[in-house]
Participant: 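I have a structure here, written as C-alpha cells, and I will follow up with some questions on it.
The model shown is predicted, which means the values in this text are computed figures rather than measured ones. Keep in mind that the numbers below use all heavy atoms, side chains included, and drop hydrogens, waters and symmetry copies.
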Amino acid sequence: MAETAAALRTVAHNVRAARIRAGLTLEELSRRAQVSKGALVGLEKAQGNPNLATLVRLADTLGVSVSALMQGSPEGRVRVVSADDVAPLWTGERGSEARLMLTTSGPAPVEVWRWRLEPGEEYPSHPHQGGVVETVSVTSGRMALIVDGTEHIVEAGRTATFDGDTPHAYRGSGTEACHLIMTVHLPPGPAPAS
C-alpha cells in the first residue's frame, strides 16, 4: 500500500510539472486530454487511481512518455529492470497484463513494454499523438493486431510495426497466452530551454 501511495505521489508531481512546463491550465489539459477536470485535480493531489488509458491520454497531450509521468529521478547510467518489480498498468479480466518496463532517455524516447494477452482478451488503444510508432514482437503464442479496423495476425517469431496515431487494439489469438515485447517510439520532444 505504501508503494502505491508513493507511486501516486510521483505521478501527481510529474503530471503537474509537465502541465506547468507546457503552459496549460487544468481546464485546458482536461479539454485536450479528454480527462475530467475533477480527475485531474485529484490526480495532482495524489488522489484517485488513474488507469492506463488516462495516463496515455495525459502523456500524449503533454508530449511526454507514460513512464515520464511515473518514474522518479534517474538512478544512473545503467538500469536493469525485473518484470517482477514492475506493477502491471493494465490487467484484463482473463489475466492479460501490460507492464511498462522502462523508457529510454534522450530527445526521442522509446518505451519498452511486456505484454501477456490471454486468448480472446483485447486491449483497445486510443490513437496517440502524431509521430508515435509502435513495434510488437511476439515471443510466444499469437496475437491479432487491429490497426484502423484491419486485423493482422502476428505469430511467435514475427514483428509488426505501425503508426500509432490511428485507432488500434491488441487481442490474444489462438489457444495459449501470447507474450510480446512492445516498443513505443515517441517523437522528439521540444528542445530544452537554454
Side-chain angles (χ1 to χ4, degrees), residues 3-19 33 35 39 43 46 48-76 78-118 121-129 131-141 143 145 154 159-165 168-172 177-189:
E3 290 175 1
T4 302
L8 188 55
R9 283 192 303 275
T10 298
V11 170
H13 174 268
N14 291 343
V15 167
R16 185 173 191 284
R19 178 179 63 77
V35 173
L43 180 58
N49 185 17
N51 63 28
L52 177 57
T54 298
L55 292 174
V56 168
R57 285 196 305 270
L58 288 171
D60 282 349
T61 303
L62 293 167
V64 299
S65 67
V66 173
S67 64
L69 297 179
M70 300 180 61
Q71 292 178 343
S73 314
E75 298 172 4
V78 176
R79 287 185 289 158
V80 178
V81 181
S82 169
D84 296 334
D85 295 337
V86 178
L89 287 180
W90 171 74
T91 53
E93 292 179 5
R94 298 179 187 172
S96 298
E97 64 180 27
R99 295 173 190 257
L100 177 56
M101 300 304 296
L102 59 86
T103 300
T104 62
S105 58
V110 176
E111 296 177 349
V112 179
W113 293 78
R114 290 178 62 137
W115 284 73
R116 182 180 75 231
L117 292 169
E118 294 297 329
E121 192 152 43
E122 182 172 311
Y123 178 81
S125 179
H126 293 283
H128 303 297
Q129 64 180 315
V132 171
V133 176
E134 292 193 20
T135 303
V136 292
S137 295
V138 176
T139 58
S140 67
M143 71 174 291
L145 172 64
V154 185
T159 299
T161 188
F162 62 96
D163 293 333
D165 61 354
H168 52 283
Y170 327 101
R171 184 176 63 241
C178 173
H179 294 265
L180 63 104
I181 303 296
M182 173 194 295
T183 58
V184 180
H185 302 261
L186 303 166

Participant: Rounded to the nearest 0.5 Å, what separates atom CH2 in W113 from atom CG in L52?
Facilitator: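 Between atom CH2 of W113 and atom CG of L52 there are 4.5 Å.
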Participant: Tell me whether the rings of Y123 and Y170 are parallel (<30°), tilted (30 to 60°) or perpendicular (>60°).
Facilitator: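 Y123 and Y170: parallel rings.
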Participant: Using 0.5 Å steps for rounding, measure from the NE2 atom of H126 to the CG atom of D165.
Facilitator: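 One gets 15.0 Å once the value is rounded to the nearest 0.5 Å.
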Participant: Can you tell me how far apart CG (L145) and CE (M182) are? Round to the nearest 0.5 Å.
Facilitator: 8.5 Å
Participant: For the pair V132 and D163, evaluate side-chain contact (heavy atoms from CB on, under 4.5 Å) and give the outcome as yes or no after the intermediate values.
Facilitator: CA-CA 6 Å; V132 171; D163 293 333; over 6 Å; no
Participant: Between atom CG of L180 and atom CE of M143, what is the distance when rounded to the nearest 0.5 Å?
Facilitator: 5.5 Å
Participant: Check the pair V133, T161 against side-chain contact (heavy atoms from CB on, under 4.5 Å), reporting the backbone distance first and the verdict last.
Facilitator: CA-CA 7 Å; V133 176; T161 188; 3.4 Å; yes
Participant: Start with the C-alpha distance between R114 and I181, add both sets of side-chain angles, then the distance that settles side-chain contact (heavy atoms from CB on, under 4.5 Å), and finish with yes or no.
Facilitator: CA-CA 5 Å; R114 290 178 62 137; I181 303 296; 3.6 Å; yes
Participant: Would you indicate whether R16, at its atom CZ, is surrounded by more than 12 heavy atoms from other residues, nucleotides or ligands within a distance under 6.0 Å?
Facilitator: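 Atom CZ in R16 is not crowded, with 12 or fewer foreign heavy atoms closer than 6.0 Å.
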Participant: Tell me, please, which residues at least two apart from H128 pass ring-ring contact (aromatic ring centres under 6.0 Å, His included).
Facilitator: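 H168.
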Participant: So which atom in A169 and which in P124 form the shortest heavy-atom distance, rounded to 0.1 Å?
Facilitator: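 Looking at all heavy atoms of both residues, the shortest contact is CB-CA, 3.8 Å.
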Participant: Measure from the side-chain N and O atoms of T135 to the backbone N and O of T183, and report whether any donor-acceptor pair falls under 3.5 Å.
Facilitator: no
Participant: Roughly how far, to the nearest 0.5 Å, is the CE atom of M101 from the CD atom of E111?
Facilitator: 13.0 Å
Participant: Within the structure provided, determine whether V138 and H179 are in side-chain contact (heavy-atom separation under 4.5 Å).
Facilitator: no
Participant: Where do P127 and D60 come nearest, in terms of heavy atoms and distance?
Facilitator: O-OD2, 3.9 Å
Participant: So, taking the atom named OG1 in T61 and the one named CZ in R19, what distance separates them when rounded to the nearest 0.5 Å?
Facilitator: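 The distance works out to 13.0 Å.
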Participant: Given side-chain contact (heavy atoms from CB on, under 4.5 Å), test L186 with V184 step by step and report yes or no.
Facilitator: CA-CA 6 Å; L186 303 166; V184 180; 4.0 Å; yes
Participant: Quick one: closest heavy-atom pair of P187 and P109, and the distance?
Facilitator: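 Nearest pair, atom of P187 first, then P109: O-CD, 4.4 Å.
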Participant: Less than 3.5 Å apart, which donor and acceptor atoms pair up between the side chains of residues 93-100 and the rest of the protein, not counting sequence neighbours?
Facilitator:
residue, atom, partner, partner atom, Å
R94, NH1, P119, O, 2.9
R94, NH1, G120, O, 3.4
S96, OG, E118, N, 2.7
S96, OG, E121, OE1, 2.6
E97, OE1, R99, NH2, 3.4
E97, OE2, R99, NE, 2.8
E97, OE2, R99, NH2, 3.1
R99, NH1, A83, O, 2.9
R99, NH1, V86, O, 2.3

